[in-house]
Novice: 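Structure below; questions to follow.
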Amino acid sequence: MTACCRPCECGQERKGDEVARVAIDVMLKQEILDPQGQTVEVALPTLGYPDVHKVRIGKHIELEIDESSPEEAARKVENLATRLLSNPVIEEFTYEIEL
Amino acid sequence: MRVGVVTFPGSNDDRDALHAVAVMGGEPVALWHNDADLKGVDAVVLPGGFSYGDYLRTGAIARFAPVMGAVCDFAESGGPVLGICNGFQILCEAGLLPGALLRNSGLAFICRWVHLRVESAQSRWSRAARLGEVIRIPIKHGEGRYYADAETLKSLEDNDQVVLRYCDESGRVTEEANPNGSFGNIAGIRNSSGNVLGMMPHPEHAVDSLLGPTGGRAIFGSLISEHLAGVGR
């Protein structure tokens with residue numbers, strides 16, 4: 001598998017779609033207090049939005065994997081999201097893969 | 001006794017920890033995050049700071065540093081390991097201690113002296129303390145709210161693994177004495193075999209009477225004085 005990126009300047013053609021584009025959202029579990037979200041929620045009425053509730057703040061992570069199989073890409077994403085990108089003790093994640 | 005202190009990129013209490021070891025009569029040994037070598041030390045301290053800029057989550061990246069494989073092996077074979085503040089966060093991320101440290105409930109970074117009640121004198125790092133003793137040690141953290149699910153908390157309580165709790169001056173564990181919203185006012189826990197202790201307060205800043213209260217001597221002294229008395233490893 002070639003290491004270069006598209007558009008490619010090395011003259012080599014990539015065969016098929018080899019890069020999976022992945023978007024992962026990591027959120028604190030529902031039962032865990034989110035002081036960041038609470039603080040933003042408290043600030044919103046002063047901006048004229050008294051009708052906004054249940055603000056929760058998480059992380060959005062984007063990455064690419066050199067992988068042409070959706071199943072294999074999903075397996076890798078679940079693995080790295082469980083081991084590093086989220087902490088299963090306090091967080092949950094969801095993801096989307098574009099191939 | 002040779003006590004190693006690991007420096008990660010972003011550690012900032014490593015020098016204080018080395019100094020505390022020396023003050024208590026141990027031999028301080030500087031260890032490096034990128035070295036999978038513990039230099040034959042008798043105990044390891046993971047110091048406070050902001051390893052890897054606290055990126056992603058506190059301790060999340062440090063947990064994969066080359067030295068941590070050696071620290072995990074050392075801990076699993078019964079070697080004494082103390083994680084202070086960021087070090088506690090790293091131990092939780094590495095799975096050497098249960099639970100996690102979340103953003104303080106009041107959001108603010110807190111830097112002040114607190115009172116702690118010694119709840120267990122069963123760990124390698126708290127043997128020099130008396131059960132129920134109240135010690136003064138400073139805290140300085142933004143993410144020190146100890147969290148674990150109900151089942152884990154119950155098992156910590158049932159197995160005497162809560163070592164330190166935030167309390168008031170007279171030792172009462174109250175909501176007012178809880179600086180960061182930690183579950184059960186928990187400030188420090190040990191693993192089931194008692195060789196690994198994680199705590200948010202900073203005992204290394206409280207060993208020298210010239211600089212204030214000396215509550216930290218109970219922690220470092222538990223390990224080192226035992227060794228000096230010839231009954232340690």
Side-chain angles (χ1 to χ4, degrees), chain A residues 20-47 49 52-67 73-97, chain B residues 51-65 68-69 72 86 88-110 141-156 175 178-184 186 189 191 198:
Chain A
R21 290 180 188 77
V22 184
I24 303 160
D25 286 313
V26 180
M27 299 295 296
L28 280 176
K29 286 179 179 171
Q30 275 302 325
E31 66 267 27
I32 292 181
L33 176 77
D34 173 16
Q36 266 194 116
Q38 277 188 341
T39 305
V40 169
E41 189 171 322
V42 167
L44 285 169
T46 64
L47 298 177
Y49 300 101
V52 178
H53 310 290
K54 297 189 175 175
V55 179
R56 295 187 65 86
I57 296 178
K59 299 186 189 94
H60 180 79
I61 300 162
E62 295 181 351
L63 52 86
E64 294 186 354
I65 304 178
D66 293 336
E67 184 54 67
R75 198 188 62 78
K76 284 184 182 169
V77 169
E78 299 220 358
N79 199 289
L80 65 91
T82 306
R83 292 185 63 205
L84 176 61
L85 300 181
S86 78
N87 179 344
V89 175
I90 49 173
E91 294 168 324
E92 294 169 333
F93 65 88
T94 54
Y95 62 90
E96 285 180 15
I97 298 177
Chain B
S51 59
Y52 300 87
D54 277 353
Y55 293 164
L56 195 62
R57 293 179 308 280
T58 55
I61 316 275
R63 172 251 163 123
F64 292 102
M68 284 306 295
C72 289
N86 189 221
F88 184 13
Q89 295 161 341
I90 296 169
L91 289 176
C92 288
E93 283 282 340
L96 286 173
L97 290 173
L101 284 312
L102 293 164
R103 208 172 280 258
N104 294 345
S105 55
L107 275 182
F109 188 97
I110 309 167
H141 59 245
E143 296 175 55
R145 177 166 52 111
Y146 184 75
Y147 166 84
D149 61 35
E151 194 183 330
T152 307
L153 282 172
K154 184 172 185 311
S155 118
L156 286 173
E175 206 174 315
N178 187 344
N180 52 24
S182 285
F183 280 45
I186 289 174
I189 56 168
N191 64 349

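In what follows, chains are A, B, ... by sequence order, proteins preceding strands, each numbered from 1.
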Novice: For E93(B) versus N87(A), what's the shortest heavy-atom pair and its separation?
Specialist: OE2-ND2, 3.3 Å
Novice: Do other residues, nucleotides or ligands put more than 12 heavy atoms under 6.0 Å from the OH atom of Y55(B)?
Specialist: no
Novice: Looking at residues at least two apart in the chain, or sitting in another chain, which of them share a salt bridge (charged side-chain N to carboxylate O under 4.0 Å, His left out) with K76(A)?
Specialist: E67(A)
Novice: Is the number of heavy atoms from other residues, nucleotides or ligands within 6.0 Å of NZ (K154(B)) greater than 12?
Specialist: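 Atom NZ in K154(B) is not crowded, with 12 or fewer foreign heavy atoms closer than 6.0 Å.
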Novice: Can you find a heavy atom in the side chain of L28(A) that is under 4.5 Å from one in the side chain of L102(B)?
Specialist: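 With C-beta onward as the side chain, the pair touches.
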Novice: What distance do I90(A) atom CD1 and R103(B) atom CZ have between them, rounded to the nearest 0.5 Å?
Specialist: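 So the gap between those two atoms works out to 10.5 Å.
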Novice: Evaluate whether atom OH of Y49(A) has more than 12 neighbouring non-hydrogen atoms of other residues, nucleotides or ligands under 6.0 angstrom away.
Specialist: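 No, because the 6.0 Å sphere around OH of Y49(A) holds 12 heavy atoms or fewer from other groups.
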Novice: Would you say CD of E175(B) has more than 12 non-hydrogen atoms from neighbouring residues, nucleotides or ligands within 6.0 angstrom?
Specialist: no
Novice: Output side-chain donor-acceptor pairs under 3.5 Å for residues 77-86 of chain A, partner residues at least two apart or in another chain, one line each.
Specialist:
{"residue": "E78(A)", "atom": "OE2", "partner": "Y95(A)", "partner atom": "OH", "Å": "2.5"}
{"residue": "T82(A)", "atom": "OG1", "partner": "E78(A)", "partner atom": "O", "Å": "2.6"}
{"residue": "S86(A)", "atom": "OG", "partner": "A81(A)", "partner atom": "O", "Å": "2.8"}

Novice: Do the side chains of Y147(B) and L33(A) get nearer than 4.5 Å, heavy atoms only?
Specialist: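 No; the side chains remain at least 4.5 Å from each other.
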Novice: Could you tell me which residues satisfy side chain to side chain contact (heavy atoms under 4.5 Å, CB included) with D54(B), sequence neighbours excluded, listed by chain and number?
Specialist: F50(B), T58(B), N86(B)
Novice: Residues of residues 34-46 of chain A under 4.5 Å from chain B (heavy atom pairs)?
Specialist: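 Within residues 34-46 of chain A, near chain B: P35(A), Q36(A), T39(A).
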